[in-house]
There are 2 protein chains.
Amino acid sequence: MLEHRTISLAEQVFDRLETDILSGKYAHGEVLTELKLVSDLGVSRTPIREALRRLEQEHIIEISQKGIIVIGVSKKDLKDILEIRIRIEGLAAAEAAKNITDEQLEELREAVELQEFYVPKHDADRINGMDSKFHQLIYRFSGSTALFDALMPLHKKVLKYRKASVENEIRSAYSSQEHRAIFEAIAAHDAPLAEQRMRDHIANAKAYIEEREGV
Amino acid sequence: MLEHRTISLAEQVFDRLETDILSGKYAHGEVLTELKLVSDLGVSRTPIREALRRLEQEHIIEISQKGIIVIGVSKKDLKDILEIRIRIEGLAAAEAAKNITDEQLEELREAVELQEFYVPKHDADRINGMDSKFHQLIYRFSGSTALFDALMPLHKKVLKYRKASVENEIRSAYSSQEHRAIFEAIAAHDAPLAEQRMRDHIANAKAYIEEREGV
DNA sequence: TGGTGTATAATTGTATACATAAAAACAAGG
DNA sequence: CCTTGTTTTTATGTATACAATTATACACCA
């Protein structure tokens with residue numbers, strides 16, 4: 001396992017396993033063992049176990065005597081997650097509109113504009129990356145740890161399904177425009193407008209994803 | 001550390017530390033070390049570290065080279081948490097109204113009635129216990145893992161502040177009545193009514209707590 | 001053939017030894 | 001007296017050895 005800066009092996013293992021599970025690299029029901037992960041990742045059981053405990057807490061794996069069972073995110077989960085995000089992600093945008101600094105605003109602007117840059121190029125991975133970054137920055141700039149902690153795991157769990165959205169040119173273009181509109185409301189420090197636009201944005205994403213996934 | 005049934009030491013350590021931190025037993029800013037916990041709890045560093053990782057993920061501790069810094073729940077956190085719960089806990093009640101089974105309904109009824117039993121006796125600990133149980137059962141009976149995962153940590157983090165509410169006779173009696181009303185709506189499988197009553201209940205609790213805490 | 005008990009193997013659970021990095025103590029020099 | 005460089009201590013990070021539990025394979029018997 002390469003790259004060992006200041007970030008601990010336990011953290012790296014967590015990030016990697018979380019991404020692999022949420023991206024669908026491991027299938028639902030697949031059984032892993034700590035020993036298999038030891039040989040795959042090239043680290044000892046200690047950091048692996050610490051990562052597994054956190055993944056278990058997020059309910060994307062289950063640990064039993066048989067091994068580590070991959071759970072992932074079901075379509076029912078997806079439905080529930082988007083329903084929750086419709087109700088609280090607007091709050092994050094509203095709080096960000098109230099609290100954001102000029103410097104943070106520039107960081108947010110960059111995410112919006114890079115996404116706009118990649119959309120006509122159909123670079124799905126980078127679009128997805130900027131899309132994620134936009135939402136996560138808003139969680140952070142809301143200034144609420146509670147909102148951040150509630151929204152971040154929900155957002156990460158949509159990864160696999162968001163990827164598909166981004167590959168659709170029409171939805172991808174609309175989504176980028178919606179981000180721009182939310183950004184403008186936040187930049188104007190108009191909390192109610194930011195809240196409404198974010199709520200609509202999640203509702204649109206939900207409608208698209210659910211139609212696509214057939215739920 | 002006594003009692004080692006089927007539940008692992010790591011889990012026991014997590015529960016104990018979480019309760020101690022959220023109840024205010026450890027003060028904000030207090031610094032612990034793994035070694036201190038080893039001697040206090042009588043278990044090795046391994047299960048302690050696994051518990052600490054989970055507590056760190058919940059943002060109620062921070063781990064640094066200086067040791068383990070207790071963070072806990074600030075009044076700002078409390079405000080943010082209740083604002084979130086107002087927006088999504090009604091959804092949990094609505095889903096429970098749709099999905100609850102007769103057997104689960106009886107379990108919920110028991111929590112309501114035991115709370116009603118303890119209120120006139122001013123048994124704060126047991127009232128608090130039944131109050132918590134009522135909400136947590138609804139999270140479970142909502143049938144949504146996402147709602148459960150979002151709401152459970154928020155609910156647990158109010159522990160310290162809820163305790164004070166429960167010691168007030170007037171608020172405690174109202175709260176118990178509100179639980180009864182929510183229960184009746186769920187028992188009637190009236191999702192919109194359950195949602196509205198739960199939202200009002202959280203809003204009332206928020207108003208009381210915030211007035212009391214002076215935020 | 002089916003079930004049951006037992007032996008075996010495989011897995012997680014826990015403790016501990018060692019590595020590493022940062023903080024703290026301290027001494028020297030300006 | 002303050003600053004700075006060095007040493008020492010103290011903390012977490014990681015690997016590994018050992019324990020305990022559970023799943024599995026298999027032989028035996030009804």
Would you say the base of C:dT11 and the side-chain of A:Gln65 have a donor-acceptor pair closer than 3.5 Å? yes

Taking the minimum atom-to-atom distance to the side chain of B:Thr33, which one of C:dA15, D:dA11, D:dA15 wins? D:dA11

Separation of atom CZ in B:Arg45 from atom C1' in D:dA17, rounded to whole Å: 16 Å

Taking CD from A:Glu34 and P from D:dA15, how many angstroms apart are they, rounded to a whole number? 14 Å

Separation of B:Glu56 atom CD from D:dT12 atom C1', in whole Å? 11 Å

Gap between atoms CG and P, on A:Leu35 and D:dA15 respectively (whole Å): 14 Å

Does A:Lys36 come within less than 4.0 Å of A:Glu30, counting only side-chain N to carboxylate O? no

Nearest-nucleotide pick for B:Leu9, side chain only, options being C:dT12, C:dT14, D:dT12: C:dT14

Measure from the side chain of A:Lys66, starting at C-beta and using heavy atoms only, and say which of D:dA15, D:dA23, C:dT11 lies closest. D:dA23

Which whole-number value in Å describes the distance from A:Leu41 CG to D:dA15 P? 11 Å

What I want to find out is whether A:Glu50 reaches A:Arg54 closely enough, with some N-O distance under 4.0 Å, to be called a salt bridge. no

Interatomic distance where CD belongs to A:Glu50 and C1' belongs to C:dT14 [whole Å]: 13 Å

B:Thr46 has a side chain; which of D:dT14, C:dT14, C:dG13 sits nearest to it? C:dT14

Let me know the distance between CD1 of A:Ile63 and C1' of D:dA23, rounded to the nearest Å. 17 Å

Which nucleotide sits closest to the side chain of A:Ile68: C:dA22, D:dA15, C:dT12? C:dT12

Consider the side chain of B:Arg49, meaning its heavy atoms from C-beta on, and name the nucleotide among C:dT16, C:dG13, D:dG13 that approaches it most closely. D:dG13

Salt bridge check, B:Glu113 against B:Arg180: does any charged N sit closer than 4.0 Å to a carboxylate O? yes

Stepwise salt bridge (Lys or Arg N to Asp or Glu O under 4.0 Å) check, A:Glu167 with A:Lys163: CA-CA 7 Å; A:Glu167 283 165 353; A:Lys163 186 77 163 46; 3.1 Å; yes

For the residue pair A:His135 and A:Glu89, confirm or rule out a side-chain donor-acceptor distance under 3.5 Å. yes

Rounded to whole angstrom units, what separation is found between the CD atom of A:Glu11 and the P atom of D:dT14? 10 Å

